[in-house]
J.: 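Attaching a single structure in structure tokens format; questions to follow.
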Amino acid sequence: MIAYCSCMLLQIFLYTFYGNKLIEKSQSVADAVYNSDWLNVDSAQRRELKFIMQISSKGTILSHHGQCILNLNTFVWIVKASYTALSVLRNGTSA
């Protein structure tokens, strides 16, 4: 049972870890564009860079069918909820 729970937590952790990395990387695109040499380009390229910054500032998120965002906060929430459910079941059966 411990091996099964460990494998399940590892699988969930991998999805949430890489979802979190995706969010961080997508938000850093706007910073990279701003820190580039955008003052020395023509106005058409500036508009394109501004558009890229606006799109990337929203961030790209990884979610499960739009129901929950896969990030490390979700992983912590899953672990807490699982532990709470386990505690309730253990206390309920011993009474």
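Worth saying up front: this structure is predicted, and the values here are computed from it rather than measured. For the single chain, residues carry numbers from 1 onward in sequence order.
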J.: Distance check, rounded to the nearest 0.5 Å: Q27 atom CD versus L22 atom CG?
T.: 9.5 Å
J.: Counting C-beta onward and ignoring hydrogens, is there a side-chain heavy-atom pair between S82 and L86 closer than 4.5 Å?
T.: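 Side-chain contact under 4.5 Å: no.
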J.: Under the ring-ring contact (aromatic ring centres under 6.0 Å, His included) rule, collect the residues that match up with F17, sequence neighbours excluded.
T.: F13
J.: Please round to the nearest 0.5 Å and tell me the distance separating atom CG of N73 and atom CD1 of I78.
T.: 11.0 Å
J.: Flag the pair M53 / K50 as yes when at least one side-chain heavy-atom distance between them is below 4.5 Å, and no otherwise.
T.: no
J.: For the residue pair W38 and V33, establish whether any side-chain heavy-atom pair is separated by less than 4.5 Å.
T.: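 No, every pair of side-chain atoms sits at 4.5 Å or beyond.
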J.: Is there a path of hydrophobic side-chain contacts, each under 4.5 Å between heavy atoms of I/L/V/M/F/W/Y residues, joining V41 to I52?
T.: yes
J.: Between atom OG of S6 and atom CD of Q11, what is the distance when rounded to the nearest 0.5 Å?
T.: 12.0 Å
J.: Just jot down the side chain to side chain donor-acceptor pair (under 3.5 Å) partners of N40, sequence neighbours excluded, or say none.
T.: D37
J.: For the OH atom of Y18 and the CG atom of L72, what is their distance to the nearest 0.5 Å?
T.: 11.5 Å
J.: If you count heavy atoms of other groups shown closer than 6.0 angstrom to CG of L39, is the number above 12?
T.: yes
J.: Treating T74 as the side-chain partner and L70 as the backbone partner, does any N or O pair qualify as donor plus acceptor under 3.5 Å?
T.: no
J.: Transitively linked via ILVMFWY side-chain contacts under 4.5 Å: L10 with Y15?
T.: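 No; tracing contacts between hydrophobic side chains, which count when under 4.5 Å, never links both residues.
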J.: Applying a strict under-4.5 Å side-chain criterion to I, L, V, M, F, W and Y, I'd like to know whether L49 and F51 cluster together.
T.: no
J.: Same cluster or not: I12 versus W77, using hydrophobic residues (I, L, V, M, F, W, Y) connected whenever any side-chain heavy atoms lie under 4.5 Å apart?
T.: yes
